[in-house]
Amino acid sequence: MGSLVRSLPVNSGVDGVHGWKLFYRTTNTLDEPILASGALLVPAGPWRGRGPRPIVGYGTEVYGLGPQHAPSGLIAARTFPEMGQLQLALARGWAVAVADGEGHGVGPGPHPYLAGKSAGHAVLDVVRAAARTPRAGLSGEAPVGLWGYGEGGRAVAWAAEFHRSYCPELRLRVVVAGGVPADLRACVEAVDGGPYSGLGFAALIGLSIAHRDVPLDRILAPAGRTAAHLAEGAGMLQLLAWFGKPLGYYTIRPEPWNDRLWATVLTHEENGHHPPSVPMHLYHGDHDEVVPVRVAQQLYADYRVRGGDVSWTDIGDATHAQAAHRGAHHAVENLAAHLITGGGGPRPRAARSTPFSDAGNPPTAS
């Protein structure tokens, strides 16, 4: 996997940066080969560091379930909301490869929102494809970092858990993940009936696409079937505006996650069952209203108990959206500590913080 099928020049609107749209091979949740797309951005100037130019694989937030909401398309249209974060990495001279994710940019969609295995494959394989892109000047020997926030943070966390078994040749050095929805049940319960309730309905749709043996019709009421058809092509603002009712309104039971088959899906979709293969840094807003901070604390604890090299930064007084922006500088500093030194340099000071008071021992979150 990770083989490059085609690359097309793209003008991202960022001065001094070359861009391409990539089409490449990856695998879905069921380990079936699929075609995916993404974007590659490379500074035009020569890399002046030691060794090959580093490559950062970037996982993004979701902007809709339909293929028209692919990050690579938003980059080409110069409307990508996370371009500021990408520019922090580009300013360091690094190449940035952005994964669209399954069903975005290629195929009819919809995107299997929050399906972790598929997303992790896509972000690892977009880096492999980037290294093979003609005229980009990148090397398969380049040091690699992964970075993402929200759904993108979930994607890179999944990638860190199976990197060694999926693509051991990739020279992954560090993973930085923010706002990670590691426990989907806890996240859906936290937003249900509130202003972000539409995310829970989108999760039902996304996971049903990834796990075809668990049909969505099994739990949808008639109103839910009509709503699901509308949601499959909706943008994020539409998902939040149109589907703000509690999840039980769309389903045949008030708590659809308690369905036996769906409960099994959620267990398999949890992050934290395996330690990351490389150092990982987590960051989270302590006022996150989308992903409860306790979810990320539990992920930190799970990784630590399993022997993972994990650090943490609290983004104080920050909501989910605020932490994405305010945590970006810390994220890039943590990437740099490993991409430039190969892991031998000191970590940024903020990375030594911990979400728990007993910082001296691997904690267990409550």
Are the side chain of His284 and the backbone N or O of Val291 linked by a donor-acceptor pair below 3.5 Å? yes

Would you kindly say whether Ser72 and Asp100 are connected by a side-chain donor-acceptor distance under 3.5 Å? yes

Strictly by modelled atom types, are Glu151 and His111 linked by a side-chain donor-acceptor pair under 3.5 Å? yes

Test item: Thr226 side-chain N/O and Ala223 main-chain N/O as donor-acceptor pair under 3.5 Å: no

At what distance, to the nearest 0.5 angstrom, does OG of Ser12 lie from CG of Leu41? 5.0 Å

Measuring only between side-chain heavy atoms, which start at C-beta, is Ile205 closer than 4.5 Å to Leu216? yes

So, the side chain of Arg154 versus the backbone of Leu114: is there a donor-acceptor pair under 3.5 Å, distance only? yes

Got a salt bridge between Arg128 and Glu169, using NZ or NE/NH1/NH2 to carboxylate O under 4.0 Å? yes

Do you know which of Ile55, Leu335, Val127 makes side chain to side chain contact (heavy atoms under 4.5 Å, CB included) with Leu146? Val127

Report yes or no: do Trp262 and Leu30 belong to one cluster of Ile/Leu/Val/Met/Phe/Trp/Tyr joined by side chain heavy-atom distances under 4.5 Å? no

Below 4.0 angstrom, N of the basic side chain to O of the carboxylate: do Lys117 and Asp31 qualify? yes

For Leu124 and Ala159, the nearest pair of non-hydrogen atoms, with its separation, is CG-CB, 3.7 Å

In terms of hydrophobic clustering (I, L, V, M, F, W, Y; side-chain heavy atoms under 4.5 Å; direct or indirect links), are Ile209 and Val214 co-clustered? yes

What heavy-atom pair brings Ala89 and Trp147 nearest, and what distance separates the two atoms? CB-CZ3, 4.5 Å

Out of curiosity, Asn271 CG to Gln298 CD, how far, rounded to the nearest 0.5 Å? 12.0 Å

Answer yes when Glu161 and Arg306 have at least one side-chain N-carboxylate O distance shorter than 4.0 Å, and no when they do not. no

Pair Asp125 + Arg25, salt bridge at N-O below 4.0 Å: no

Between Tyr149 and His320, is the gap from one ring center to the other below 6.0 Å? yes

Tell me whether Asp192 contacts the main-chain N or O of Leu247 through its side chain, where contact means a donor paired with an acceptor under 3.5 Å. yes

If you define the side chain from C-beta out and look only at heavy atoms, does anything of Leu138 sit under 4.5 Å from Thr133? no

Is it the case that more than 12 heavy atoms not belonging to His273 sit under 6.0 Å from its NE2 atom? yes

Can you name the closest pair of heavy atoms from Ala186 and Val295 and give their distance? CB-CG2, 3.8 Å

Ser37 side chain to His104 main-chain N or O, any donor-acceptor pair under 3.5 Å? yes

Distance in Å, Ser3 OG paired with Met1 CE, rounded so as to fall on 0.5 Å steps: 6.0 Å

If every non-hydrogen atom of Val175 is compared with every non-hydrogen atom of Val278, which pair is closest and at what distance? CG2-CG2, 3.8 Å

If we ignore hydrogens and angles and just use 3.5 Å, is the side chain of Tyr24 paired with the main-chain N or O of Ala122 as donor and acceptor? yes

Can you confirm whether Tyr166 sits close enough to Thr27 that some side-chain heavy atom of one is under 4.5 Å from a side-chain heavy atom of the other? yes

Within the structure provided, determine whether Leu199 and Leu239 are in side-chain contact (heavy-atom separation under 4.5 Å). no

Would you say Glu82's side chain and Glu61's backbone share a donor-acceptor pair under 3.5 angstrom? yes

Could you state whether Leu88 and Ile315 fall into the same hydrophobic cluster, counting links through intermediate Ile, Leu, Val, Met, Phe, Trp or Tyr residues with side-chain heavy atoms under 4.5 angstrom apart? yes

Evaluate the ring planes of Phe201 and Phe243, with Trp represented by its six-membered ring, and classify them as parallel (under 30°), tilted (30 to 60°) or perpendicular (over 60°). tilted

Does either side chain, that of His281 or that of Ser311, offer a donor lying less than 3.5 Å from an acceptor on the other one? yes

Does Thr79 use its side chain to pair, donor to acceptor, with the backbone of Ile75 at less than 3.5 Å? no

So how far is it from Leu339 CG to Arg173 CZ, rounded to the nearest 0.5 Å? 8.5 Å

For Arg6, does the CZ atom have more than 12 heavy-atom neighbours from other residues, nucleotides or ligands under 6.0 Å away? no

Are Asp259 and Trp257 close enough that a side-chain donor and a side-chain acceptor fall under 3.5 Å? no

Leu237, CG: over 12 other non-hydrogen atoms inside 6.0 angstrom: no

Is there a path of hydrophobic side-chain contacts, each under 4.5 Å between heavy atoms of I, L, V, M, F, W or Y residues, that connects Trp158 with Leu170? yes

Taking the side chain from Arg92 and the backbone from Val332, do they hold a donor-acceptor pair closer than 3.5 Å? no

Any side-chain donor paired with an acceptor under 3.5 Å for Glu269 and His211? yes

Any donor-acceptor pair under 3.5 Å linking the side-chain atoms of Thr26 with those of His121? no

Is the count of non-hydrogen atoms from other residues, nucleotides or ligands lying under 6.0 Å from Phe162 atom CZ greater than 12? yes

Would you check if Gln322 and Asp288 make a side-chain contact, meaning some heavy-atom pair closer than 4.5 Å? no

